[in-house]
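Data first, discussion second: the structure below is written as structure tokens.
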There are 2 protein chains.
Amino acid sequence: MKAQKIKLAVDAVVFGYEKERLYILLIQQKFGPLKNQWALPGGFVKNGEGLQQAVERELREETGMTLDYLEQLATFGDDIERDPRAQVVTVAYYGLVNSSRFVLHAGSDAEKTQWFPIHDAPKLAFDHAQILETALERLKGKLRYQAVGFDLLDKEFPFSDLEQLYMTILERKIDRRNFRKKMLSLGFIEETTKQAAKTNGRPGKLFRFNQKKYKKLRKQGFHFELKFA
Amino acid sequence: MKAQKIKLAVDAVVFGYEKERLYILLIQQKFGPLKNQWALPGGFVKNGEGLQQAVERELREETGMTLDYLEQLATFGDDIERDPRAQVVTVAYYGLVNSSRFVLHAGSDAEKTQWFPIHDAPKLAFDHAQILETALERLKGKLRYQAVGFDLLDKEFPFSDLEQLYMTILERKIDRRNFRKKMLSLGFIEETTKQAAKTNGRPGKLFRFNQKKYKKLRKQGFHFELKFA
DNA sequence: ACAAAAGTGTTAGACCTACACCCATGG
DNA sequence: CCATGGGTGTAGGTCTAACACTTTTGT
């Protein structure tokens, strides 16, 4: 049997959220064959390196970022020419970053890093548009039955932020009363005594996601579904 | 950068169902380093070959089987020593075969192929037990909100077979009346005029899964969930 | 006092759950 | 006529969905 020439890469779809908009993190090569093309952060897996380890390294190297949430999405390798230069199979991950860490390190000499509104992203290299599409669908799906999404908010947040986040990601209107009722009934969101910073209108109480309680519940076989969403 | 030495493989978790038991397909190497160890069917991806294509080829070569349903499960490659001989990343698939094709081709000289009851499988090579575990969880999960599972039955089946299948996979009792009501209300199961073959007791009507109708519904954003299950 | 956003309860309908008896067939 | 499995309805409880006014704060 001939030696295997297939290369293995990892890519990450990183979502961020700020001011009622969902963003995605992209990088642009300044030199080389991909010059000026926007692409997902990622790269080849190194010998002796695990997959997750590889994405985390690439993200650190390319964007200076560590994610709060990172999960394997799918592996893309049915189209053997998805990278025209060689047969490359890529394991795609998707991740979420807290808005407080939304600020990017300055780009290196070789690469530019930038957030783009999810529906206003440039044309992407390879099949990265398809990977992005898949990630977005997954995110929308997960939101309905897992407590994902808190990683996109501050640690303490007014309830309206949570509601807005859900509406933004799911691209749907949600009834405020029903949403709050349901969310609080799940038992892993805690009220703090603090008030949100001053804005227009009446300031809301701040809430906190209790990850420990959530994990405990999950272990006990707890699961929920948001129907209205 | 050093040449990448990581090898890329595919493996398949193939489920079969017969007489109220869920089975999995395993192969046993007769020679070589894996001699006598049971493992999932699979092998290395060839140059110029897509991933799905690779699993299908391996399945054909090793078991003579073509699957009715085959879906990517996950990619395993965080443990760089999951295969002690070299760093191998494997893209795992899971599939379902119709019970009418449950019979296996005679094993080759080099390999033995055999169905094992899911909870009575031998010790597996590498991390294949973990892959199997993941596949089973996925199957259980999917069963609740997708019309998977019909591929495990005959094209026309009595309702009790469907019910038994769900009970077997989910390892739960299900109320007959509620199950039938819910399933039929979804609108993609059709009654035929035929009667089941003679057995003990009253013979049931045969039903058929209307795949076209199901796909149409899905495109329209239809989705369901089986709660009792 | 006005503008802006937070906070809050009720009701009708849909869906889930639990439950038991009669029916058709073969032996 | 008996044994075996198929077929069917209903009532109570829970969850969802729809809906509008009052409260708090800053200007």
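The model shown is predicted, which means the values in this text are computed figures rather than measured ones. We name chains A, B, ... by the order of the sequence lines, and we start the count at 1 in each one.
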dT25(C) base / Lys205(B) side chain donor-acceptor hit below 3.5 Å: no
Pairwise 5' ranking along DNA chain C for Lys181(A) and Gly204(A), keeping only the more 5' one: Gly204(A)
Position toward the 5' end of DNA chain D (nearest nucleotide), Gln195(A) or Asp175(A): Asp175(A)
Pairwise 5' ranking along DNA chain D for Arg176(B) and Glu225(A), keeping only the more 5' one: Arg176(B)
Check: Arg177(A) side chain, dA20(D) base, donor-acceptor under 3.5 Å: yes
Donor-acceptor pair present, Lys182(A) side chain and dT14(D) base, under 3.5 Å: no
Whether Tyr214(B) side chain and Ala147(B) backbone form a donor-acceptor pair below 3.5 Å: yes
Mutual orientation of the aromatic rings belonging to Phe188(A) and Phe224(A) [parallel < 30°, tilted 30-60°, perpendicular > 60°]: tilted
Side-chain donor-acceptor pair present, Glu111(B), Gln29(B), cut-off under 3.5 Å: yes
For atom CZ of Phe179(B) and atom P of dT8(D), their distance in whole Å: 15 Å
Base dT23(D) paired with Arg202(A) side chain (donor-acceptor, <3.5 Å): yes
N/O (side chain, Ser160(A)) to phosphate O (OP1/OP2, dA6(C)) under 4.0 Å: yes
Stepwise ring-ring contact (aromatic ring centres under 6.0 Å, His included) check, Tyr17(B) with Tyr23(B): CA-CA 6 Å; Tyr17(B) 174 79; Tyr23(B) 290 83; 8.4 Å; no
Arg180(B) side-chain proximity, nearest of dT10(C), dT8(D), dG6(D): dT8(D)
Rounded distance in Å - CZ (Phe159(A)) to P (dT8(C)): 10 Å
Integer-rounded Å distance: dT25(D) P and Lys194(A) NZ: 18 Å
Distance, rounded to the nearest Å, where Leu226(A) contributes CG and dC15(D) contributes C1': 13 Å
Of the listed nucleotides dG7(C), dC19(D), dT25(D), the one nearest the side chain of Pro203(A): dT25(D)
